[in-house]
Amino acid sequence: MVLTGHFDTVGVDDYGVLRDVATNPTVLAERIVAQLEDSGRSPEALQDIRSGAFIPGRGMLDMKSGLGAGLAVLEAFAADPNFDGNLIYLASPDEENQSAGMRAAGGLDQVAQDHNLDYVLQINMDALQDEGDVARAQAVGTGCIGKHLVTALVVGQEAHACYPLDGLNALFLASSLVREMECHPALAEGGHGDVSAPPVALVQNDLRTHYDITTPAKAWCAWNMITRRRTAGDVLSQCTAICAKALSEAVALHAARVEKIGATPPDREIPIYTFKELEERAATSAYYETQRETLVAELREREDLPIMP
């Protein structure tokens, strides 16, 4: 059996006025208790921390508590003389950054060969969310959950801020995508009386590095997408259709507003390309291949990008 989880942590800024004691669990607990007593909020949390059975701190739920539970399991089975089997404890040093740890976990195949092991079960010790009365707080979910980081590069038509009707703001288009995609019910997969988290936007930025008076020409967005049965192709098809609807409605809204101002709106239709389609179109240019080779060479020289075997 493999017990696995990610061993990373978070910053202290989310603690607000408590960030100066965020790395001191004892003082942090005292300050949280005082804060909750003053505000009257979260009586359950107040009761838990007062009990002394819980330690507040960075990443305790996501997911040092899971790793701690795994260590307790190892300790318990190591002390059992009748235990027959093998436990492997795998703590990955990162999760959402470059996932070097999880990609390196592919080496478990070699571990199995070297030690004549047969993996029969893997438990991800990450937390399960319980929206109810916490009766399921110690449940183990079966199955497999996947995650995609769906991204979109939005290209508009820049214009001087004093002549905005001459262009189409990339931020306006990107905002339309974010509005349409946010918690879209068609993208929340369910089963067995449970529904996975719907998509949520994690990033929406324009690509400018400094202020200027022109509207942004490009912007990009990224969404967290949880899957159970859908393939990456399924997700891409769904998101493409949803984004096409959002862009069509955005163009129509923009045109209607331009007409109310007294101008004539241009006849626009925004195409959508998947990365593969865009690459195929770009590959017809010799300039693209030269730029691609240059970028690949630059990435190989970077020391902050792990190279996996």
Side-chain angles (χ1 to χ4, degrees), residues 1-10 25 53-55 57-131 134-150 188-197 202 224-236 299-300 302-309:
M1 180 187 299
V2 179
L3 303 177
T4 185
H6 60 93
F7 187 58
D8 58 6
T9 192
V10 295
F54 296 87
I55 302 174
R58 299 180 301 153
M60 287 297 182
L61 294 178
D62 187 7
M63 63 141 320
K64 292 181 179 64
S65 58
L67 294 171
L71 289 174
V73 169
L74 291 183
E75 184 179 36
F77 278 104
D80 182 0
N82 298 316
F83 175 59
D84 182 20
N86 296 279
L87 288 175
I88 290 181
Y89 183 92
L90 174 64
S92 168
D94 66 349
E95 184 185 25
E96 282 102 353
N97 184 16
Q98 296 162 353
S99 298
M102 290 311 298
R103 289 187 285 132
L108 281 178
D109 288 341
Q110 188 61 49
V111 172
Q113 295 178 27
D114 293 344
H115 298 277
N116 193 29
L117 300 176
D118 180 22
Y119 301 135
V120 296
L121 180 65
Q122 176 171 308
I123 296 180
N124 177 5
M125 297 178 290
D126 216 326
L128 285 176
Q129 185 175 3
D130 186 355
E131 302 279 4
V134 306
R136 297 177 59 206
Q138 297 185 21
V140 176
T142 58
C144 181
I145 294 179
K147 170 184 173 177
H148 299 287
L149 188 64
V150 179
E189 252 186 296
H192 305 289
D194 189 23
V195 179
S196 296
L202 299 178
N224 186 72
M225 188 75 62
I226 301 298
T227 61
R228 295 189 180 184
R229 299 179 181 86
R230 291 174 296 171
T231 65
D234 294 335
V235 171
L236 183 60
L299 292 176
R300 283 176 177 158
R302 284 179 54 174
E303 297 181 355
D304 60 325
L305 298 177
I307 299 176
M308 305 304 299

Pairs of donor and acceptor atoms involving the side chains of residues 64-83, under 3.5 Å and at least two apart or interchain, shall be tabulated with distances.
from: Lys64; atom 1: NZ; to: Asp8; atom 2: O; distance (Å): 3.3
from: Lys64; atom 1: NZ; to: Thr9; atom 2: OG1; distance (Å): 3.2
from: Lys64; atom 1: NZ; to: Arg58; atom 2: O; distance (Å): 3.3
from: Ser65; atom 1: OG; to: Met60; atom 2: O; distance (Å): 2.9
from: Asp80; atom 1: OD1; to: Asn82; atom 2: N; distance (Å): 2.9

Nearest 0.5 angstrom please: [X] [atom1] to [Y] [atom2], how far?
X      : Y      : atom1 : atom2 : value
Ser92  : Met63  : OG    : CE    : 10.5 Å
Ile88  : Leu117 : CD1   : CG    : 5.0 Å
Asp234 : Arg229 : CG    : CZ    : 12.0 Å

Worksheet item: Is it true that a side-chain atom of Gln122 and a backbone atom of Thr4 form a donor plus acceptor pair closer than 3.5 Å?
Response: no
Fill in: Contact summary for Arg228 and Ser196, nearest pair of heavy atoms
NE-OG, 2.6 Å
Discussion item. Restricting to side-chain hydrogen bond (donor to acceptor under 3.5 Å, both in side chains), what partner residues turn up for Gln110, sequence neighbours left out?
Written reply: Asp114
Worksheet item: Under a 4.5 Å cut-off applied to non-hydrogen side-chain atoms, are Glu189 and Ile226 in contact?
Response: no
Worksheet item: Are there more than 12 heavy atoms of other residues, nucleotides or ligands under 6.0 Å from atom CZ of Phe7?
Response: no
Fill in: For Leu202, all residues meeting side-chain contact (heavy atoms from CB on, under 4.5 Å), sequence neighbours excluded
Leu149, Val200, Asn224
